[in-house]
Amino acid sequence: MSSENEEATAADAVAAAKQASSRGGRLRRLGKFVGGDHRYVLLSTSVIALIGIWLSMQKRTDMSFLAPVYFVEVAMYYSLVAWLILSAAALVTKLMHWRDYAERSPFARNPLRTIERIGSYIVVIITCVLFVDRVVMGFASVTVHAIEADSIPQGGLAAAIYMVYECRDLFVTGILTTVELAVFGTIIAFFLALLLATLRILTIDKPDNDLVRFFKVVGANFAKLYSTVIRGTPMMVQALIIYNAGFAFLRGMGLSVTEINGLWSTFIAGLVTVSINSTAYMMEVLRGGLESVDPGQMEAARSLGLSQWQAMVKVVFPQGIKYAVPGLSNELVINIKDSSVLSIIGVVELMFEARSVAGIYYRNLEVYLVAAVCYLILTMVATWLLNRLSRRLDAPRFSNTSESASAVGE
Amino acid sequence: MPLANKTEKSEGHVGEPLVRVEALRKSFGSLEVLKNINLDVMPKEVVTIIGASGSGKSTLLRCINLLETPDAGHVWFHGSDLAAEHVNVNRLREKIGMVFQSFNLFNNMNVLGNCTLAPVTLKKASKAEAEETAMRRLEEVGLADFAHADVNTLSGGQKQRVAIARALCMNPELMLFDEPTSALDPEIVGEVLGVMHDLAQQGMTMVVVTHEMEFAKSVSDRVVFMDNGVIAEEGTPKQIFGNPKQARTREFLARYLDD
Ligand SMILES: Nc1ncnc2c1ncn2[C@@H]1O[C@H](COP(=O)(O)OP(=O)(O)OP(=O)(O)O)[C@@H](O)[C@H]1O
Ligand SMILES: [Mg+2]
C-alpha cells in the first residue's frame, strides 16, 4: 500500500508538471487520477487486505478456530497478498497509460473488472474471518481464562475482566443505585423546578389580592436566591452539608444512631442532594423555555378572560416545556455522571463500588476504566431513550398536520 | 376592496355609552404615549382609529381591556370604572374580544381547541356546547372545514379569521381590533375585512385600529385621528375624509389617499 503511494507521488510529479503549474490544482488532479473509478475497489480494499495480513501475523489464542485448519489460513493469507499485488499492478498500468487509461488498461475492462469486483468482496470476507478469529475469539479466550483464574491475572484486560466477574454483585448494585439516584432525582427535580420557574415568572396582576401579591414577590425572590446559592456551590459540598445537617437534626430530636441510619440513610441523603441540586439547573432551563414562548400567546389568553394561572397552564407551559425538553434531558445525563460525587457521603453507587474494588485488588487504573465504560454506556443509553421520548412528544403535532392536510383536501 | 355601503344603523346612537374613556394618560418610562384621551363608544357603534405609527393607537386599545394599566384617568365599561379595586379584570375581558395584528393563535392547539379553550376553561359551556358554538363561529368566518387543522398550517388570512372566531366564541359585547390586516398580503386583506364588515352589519360594537382607509370610510360610524398621544380630530367618515379641519389630519390623509 505504502509503496503504491510512493509510486503515485513520483509519477505524479512527472505527469502533473506537464499539465499544471499551481500546486493545489496538481494535488487535486493527482487525487482524482489515482482515485478514479478504482477508488473503492482497489484502494480501500488494499487497506482492508493489509489489516487482514496484520491480523494473520498476530498470535493465535487457544480458542482460535483457524488453528486446526492451518492450510486455510495460509490460503487466506496469500489471497490477501495476491490482492495487494493485483492492486499495485493495476495502479502501475494506470500510471503508464495515464492519458488513455480507460481504453488501454486491461484492468479497466472485462473480464478483469469483474474479477476485481468479486475479489474485493472476498478480501472483505477474509479480513472479517481473521478479525473474528483473532480479536473476538481472543477476547473470549482472555475472558474465560480470567474468570477461571484463582488470583488476579497480570494483563490489564484480563485483570479488568477478572475484577468485573469477581465483584459483579458490587458493580450491579452500584449501577442500579446510580440509575435510581439519577432517574428519581431528575423526576423530583423536574416538578420542583416547574414550581420554582413558575414562581419566578409570575408577575403581579391586577386581580391579585395583597396576600397573592406578597407570595408572588416572596416566591420570585426565593427562586432567585435558591438558584444563586445552589448553582454557586459544588454538589459534593452540598451532599456533605445535607447529610450532616439531617443527621444533626435527627440527633437533636433524640434519636439513636441506629434509628437515624434507618431513617436518614446515605441513599436518601444522596437522593435529596441530587434533587435539590438539579432543581436549580432545571429551573433555569425551564425558565428559558417558558420565556421563549411568544408573549402574544399570554396576551391572547388574557384577552379572552383567562387568569394568569390558567393561561400559564393551558397555553404557556405546554409550549415552553417543549422548548425545554433538550435541556431537561441533558440534566438526566448530568445527574448520572454527577451522582458519582455522592460516594463522599458513602452512597453505595457505582463510584463507591469501584473504589471498594480498587481497594481489594490494588488495580486502580483498570477499575476506574471499567467505571468509565459503565458511565459511558449509561449515558449513551439515557441519551438514546431521551431522544426517542422527545420525538414521541412531538408526535401529536405531526399527526395533527396530516389531519389538517386531509381537511384541506375535503 | 368593494364593500357594500353602510346601512343606516348608525343613526341615533342614544343612551349610555358602552365604553367611556376619560382623561386617560399612559407613559412608558419618560415617554408619554397617551396624553389626556377622552372617547365615548356607543353600543353598536363602529369606531376606527387612524394615525401615524407610534401615535399611541395600540396603547389606547390595550388600555380599554387593561392589557396596559393606565397611569391616570378612567375607563368605564357598562358604567363601571375598570380601575376600581373590586373590578375583576378577568370577568371584564370575557366581554371584550381582542384581535391582534400578529394573530396570536395558540400554537399548542388546533383551530377548534383555540376556539373552545376560553369557554371551557371559564366554564361558560360544556365541551360539547363550546364545540358546537365554535363550529358555528367558524362557519361564519368560512373555516368550518379547518376545525381540526393545526394552526401553523393556515395562511395569514385564515389565521386572522380563526382569531376573530375565537374571540366571538365568548359572545363579547365589544370587539377591539389592532391592525388586523397589517400582517397580511394585500390580496388576502379582503377576506378578513369582509368578516369584519359582516360583524359590523350584525350590530357588533367595534373599535378598530387600521390603516385601511377604504374600510374606515365605508364601515365605520366615526373616525378618530390620533397624533402624538392625543385625539387630534374625530368625526364621521364624511367629515374626516371629505373635509378635515386640522392641518395634520390633511397631511396624514394625503399620504394614504394619494395612492
Ligand atoms: N410596552 C412598552 N414599553 C415601552 N414603550 C412602549 C411599549 N408599548 C409601546 N411603547 C411605545 O409607545 C409608543 C406608542 O406605541 P403604540 O404601539 O401605541 O403606537 P401605535 O400608534 O399603535 O403605532 P403602530 O401603528 O406602529 O402600531 C411607541 O413609541 C412605542 O415605542
Ligand atoms: Mg400599533
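Any value given below was found using the heavy atoms of this structure, including those in side chains, with hydrogens, waters and symmetry copies removed. Labels below follow one simple rule: chain letters A, B, ... track the order of the sequence lines, proteins then strands, and each chain is numbered from 1.
Heavy atoms of B/Leu66 lying under 4.5 Å from chain A belong exclusively to its side chain. Only the side chain of B/Asn65 has a heavy atom closer than 4.5 Å to any heavy atom of chain A. When heavy atoms are compared at a cutoff of 4.5 Å, B/Phe106 approaches chain A by way of both its backbone and its side chain. If you measure heavy-atom distances from B/Leu82 to chain A, the contacts under 4.5 Å come from the backbone alone. Residue B/Leu67 touches chain A through its side chain alone, counting heavy-atom pairs closer than 4.5 Å. When heavy atoms are compared at a cutoff of 4.5 Å, A/Ala301 approaches chain B by way of both its backbone and its side chain.
You'll find the side chain of A/Gln308 stays beyond 4.5 Å of the side chain of B/Asn90, heavy atoms only.
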Test side chain to side chain contact (heavy atoms under 4.5 Å, CB included) applied to A/Glu299 and B/Arg62, step by step: CA-CA 10 Å; A/Glu299 282 192 347; B/Arg62 293 160 60 84; 2.6 Å; yes
Test side chain to side chain contact (heavy atoms under 4.5 Å, CB included) applied to A/Val315 and B/Asn107, step by step: CA-CA 8 Å; A/Val315 177; B/Asn107 294 320; over 6 Å; no
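Shortest non-hydrogen contact noted between B/Asn104 and A/Asp294 is OD1-OD2, 3.9 Å. Among all heavy-atom pairs drawn from B/Arg166 and A/Ala300, the shortest one is NH2-CB, 3.4 Å. When all heavy atoms are compared, the tightest approach of A/Gly305 to B/Arg91 is O-NH2, 4.3 Å.
Within 6.0 Å of CD in B/Glu22 there are more than 12 heavy atoms belonging to other residues, nucleotides or ligands.
With hydrogens and angles ignored, the 3.5 Å screen pairs a side-chain donor or acceptor of B/Asn108 with a backbone N or O of A/Lys314. Judged by distance alone, with hydrogens and angles left aside, the side-chain atoms of B/Glu94 form no donor-acceptor pair with the main-chain N or O of A/Leu304 at under 3.5 Å.
Atom OG1 of B/Thr69 sits about 8.5 Å away from atom CG of A/Asp205, to the nearest 0.5 Å.
Between chain A and the residues B/Leu154, B/Asn114, B/Thr121, B/Asn88, the most heavy-atom pairs under 4.5 angstrom are made by B/Thr121.
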